[in-house]
Peer 1: 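Here it is, the structure, as structure tokens.
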Amino acid sequence: MALVTVDELNAYSGNYETAAYKTTLVEAASDIVVKYLGYNPSQAARTYRTVGWGNDFVILPVPEVSAVASLVVDGETWPSSDYLAIVDPVSGRTRLELTSKTFLRGAKIVITYTAGYTDIPEQIKLAVLRIASLLMTEANGNIGVTSKSFADMSRTFVNYTNFDKYLKPLARYRVAPHAGAWIETC
């Protein structure tokens with residue numbers, strides 16, 4: 001699922017020509033951003049699997065948690081009275097805190113929850129639009145920029161397929177990788 005529309009790409013780039021490849025560009029740029037973030041920022045049902053390490057909380061990796069559907073520990077579903085979902089005001093991440101238990105070291109934890117943004121943050125959309133615009137420029141045969149020095153007639157070629165400068169501003173939305181844990185979108 002693309003994080004922006006072709007109409008948004010047209011408005012951003014100023015290129016209103018009708019071309020079927022624009023949908024592909026928007027999807028490719030969205031995939032690049034999703035891969036960098038470690039999750040799709042659109043709201044969806046998710047499953048987070050991890051292993052206990054003797055603590056009384058788990059930090060859910062995807063921000064904007066709207067509901068926790070279930071908590072299963074070593075195959076046993078725990079009632080919602082056993083945990084609270086608390087949003088950290090600094091990171092925006094949700095901590096699932098146990099009220100009277102701890103996650104035993106090595107316990108298999110499966111949390112099903114709904115998280116993600118109903119409205120994608122503008123900073124994420126801008127990164128997608130910038131990358132899609134760059135891909136569109138490359139699709140039209142312009143794969144970089146060249147400059148010529150008149151002093152010694154040398155030529156410099158600059159290739160812009162490194163998207164780091166567009167992705168770095170999204171670092172605060174990024175999920176830190178956790179050893180042995182993963183997120184699934186249901």
Peer 1: Tyr113 vs Thr94, test: side chain to side chain contact (heavy atoms under 4.5 Å, CB included). Steps then yes/no.
Peer 2: CA-CA 11 Å; Tyr113 64 109; Thr94 299; over 6 Å; no
Peer 1: Identify the two heavy atoms, one from Ala2 and one from Glu27, that lie closest to each other, and give their separation to 0.1 Å.
Peer 2: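 Of all heavy-atom pairs spanning Ala2 and Glu27, the closest is CB-CG, 4.2 Å.
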Peer 1: Could you walk me through whether Val26 and Thr5 pass the side chain to side chain contact (heavy atoms under 4.5 Å, CB included) test, one step at a time?
Peer 2: CA-CA 7 Å; Val26 165; Thr5 65; over 6 Å; no
Peer 1: Could you tell me whether the side chain of Ile32 reaches within less than 4.5 Å of the side chain of Leu167, counting heavy atoms only?
Peer 2: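 Yes, side chains in contact.
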Peer 1: Is the shortest heavy-atom distance from the side chain of Thr47 to the side chain of Ile111 under 4.5 Å?
Peer 2: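 Not in contact.
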Peer 1: Could you pull out the closest heavy-atom pair between Arg105 and Trp53, with the gap in Å?
Peer 2: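 Answer, listing the atom of Arg105 first, then Trp53: NH2-O, 3.4 Å.
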Peer 1: Of all the heavy-atom pairs spanning Pro63 and Ala115, show the shortest one and how long it is.
Peer 2: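 Reported closest heavy-atom pair: O-CB, 3.6 Å.
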Peer 1: Under a 4.5 Å side-chain heavy-atom rule over Ile, Leu, Val, Met, Phe, Trp and Tyr, are Tyr21 and Val6 clustered together?
Peer 2: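 Same hydrophobic cluster.
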Peer 1: Is Tyr166 close to Leu134 at the side-chain level, that is, under 4.5 Å between some pair of heavy atoms?
Peer 2: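 The answer is yes, as the side chains (C-beta and beyond) meet within the 4.5 Å cut-off.
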Peer 1: Quick one: do Val128 and Leu126 end up in the same hydrophobic cluster if we chain Ile, Leu, Val, Met, Phe, Trp and Tyr together by side-chain heavy atoms under 4.5 Å apart?
Peer 2: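 Shared cluster, yes.
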Peer 1: With a sphere of 6.0 Å drawn around CG of Asp164, does it hold more than 12 non-hydrogen atoms of other residues, nucleotides or ligands?
Peer 2: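 Count over threshold, so yes.
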Peer 1: Is the shortest heavy-atom distance from the side chain of Val65 to the side chain of Val87 under 4.5 Å?
Peer 2: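 Contact flag for Val65/Val87 side chains = no.
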Peer 1: Does some side-chain heavy atom of Tyr39 sit less than 4.5 Å from a side-chain heavy atom of Pro61?
Peer 2: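 When only atoms from C-beta onward are counted, Tyr39 and Pro61 do not touch, as no gap falls below 4.5 Å.
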Peer 1: Which salt bridge (Lys or Arg N to Asp or Glu O under 4.0 Å) pairs, counting each pair once, include a residue from residues 76-92, with sequence neighbours left out?
Peer 2: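 Those involving residues 76-92 are Asp82-Lys101.
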Peer 1: Between Leu71 and Leu98, is the side chain to side chain contact (heavy atoms under 4.5 Å, CB included) condition met? List the steps.
Peer 2: CA-CA 10 Å; Leu71 169 63; Leu98 300 180; 4.0 Å; yes
Peer 1: Can Val175 be reached from Val33 by stepping across I, L, V, M, F, W or Y side chains whose heavy atoms are under 4.5 Å apart?
Peer 2: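 Same hydrophobic cluster.
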Peer 1: Which atom names give the shortest non-hydrogen contact between Lys125 and Glu8, and what distance separates them?
Peer 2: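 Of all heavy-atom pairs spanning Lys125 and Glu8, the closest is NZ-OE2, 2.9 Å.
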Peer 1: If you round to the nearest 0.5 Å, how far is OG1 of Thr99 from OH of Tyr83?
Peer 2: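 Going from OH on Tyr83 over to OG1 on Thr99, the span is 10.5 Å.
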Peer 1: Evaluate the side-chain proximity of Pro41 to Val62: yes if any heavy-atom separation is below 4.5 Å, no if none is.
Peer 2: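 A side-chain contact is absent here, since even the closest heavy-atom pair is not under 4.5 Å.
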Peer 1: Look only at the side chain of Ser30 and the backbone of Leu3, and say whether a donor-acceptor pair between them is shorter than 3.5 Å.
Peer 2: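 Side chain of Ser30 to backbone of Leu3, a donor-acceptor pair under 3.5 Å: yes, one is there.
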Peer 1: Check whether any side-chain heavy atom of Lys22 lies under 4.5 Å from a side-chain heavy atom of Asn10, and answer yes or no.
Peer 2: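 Result yes, sub-4.5 Å side-chain heavy-atom pair found.
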Peer 1: What I'd like to find out is whether the side chain of Leu135 reaches to under 4.5 Å of the side chain of Phe163, using heavy atoms alone.
Peer 2: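 In short, these two side chains touch, coming nearer than 4.5 Å.
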Peer 1: If the condition is side chain to side chain contact (heavy atoms under 4.5 Å, CB included), which residues does Gln43 pass it with, not counting sequence neighbours?
Peer 2: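 Checked Gln43 against side chain to side chain contact (heavy atoms under 4.5 Å, CB included); matches are Ser66, Thr114, Thr118.
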Peer 1: Strictly distance-based, threshold 3.5 Å: is any side-chain N or O of Arg174 a donor or acceptor partner for the main-chain N or O of Gly38?
Peer 2: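 Checked: no pair found.
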Peer 1: For the hydrophobic clusters of this structure (ILVMFWY residues joined by side-chain heavy atoms under 4.5 Å, transitively), does one cluster hold both Ile131 and Ile120?
Peer 2: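 Hydrophobic grouping puts Ile131 with Ile120.
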Peer 1: Taking all non-hydrogen atoms of both residues, which atom of Leu96 and which atom of Val68 are closest, and how far apart?
Peer 2: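 Shortest heavy-atom contact: CD1-CG2, 4.0 Å.
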Peer 1: Take the angle between the ring planes of Trp78 and Phe103 and call it parallel below 30°, perpendicular above 60°, tilted in between.
Peer 2: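 If you compare the ring of Trp78 with that of Phe103, the planes turn out parallel.
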Peer 1: Do Val34 and Tyr117 sit in one hydrophobic cluster, given that two such residues count as connected whenever their side-chain heavy atoms are within less than 4.5 Å of each other, even indirectly?
Peer 2: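 Yes: a chain of side-chain contacts under 4.5 Å links Val34 to Tyr117.
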Peer 1: With sequence neighbours excluded, give me every salt bridge (Lys or Arg N to Asp or Glu O under 4.0 Å) pair touching residues 54-74.
Peer 2: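 Passing the test, one end in residues 54-74: no pairs.
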Peer 1: Could you walk me through whether Leu9 and Leu129 pass the side chain to side chain contact (heavy atoms under 4.5 Å, CB included) check?
Peer 2: CA-CA 6 Å; Leu9 175 60; Leu129 291 170; 4.2 Å; yes
Peer 1: As an exercise, state the distance from NZ of Lys108 to OG1 of Thr50, rounded to the nearest 0.5 Å.
Peer 2: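 Answer for the NZ-OG1 pair, Lys108 versus Thr50, is 12.5 Å.
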Peer 1: On a heavy-atom basis, which atom in Gln123 and which in Pro169 lie closest, and how many Å separate them?
Peer 2: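 Answer, listing the atom of Gln123 first, then Pro169: NE2-O, 3.2 Å.
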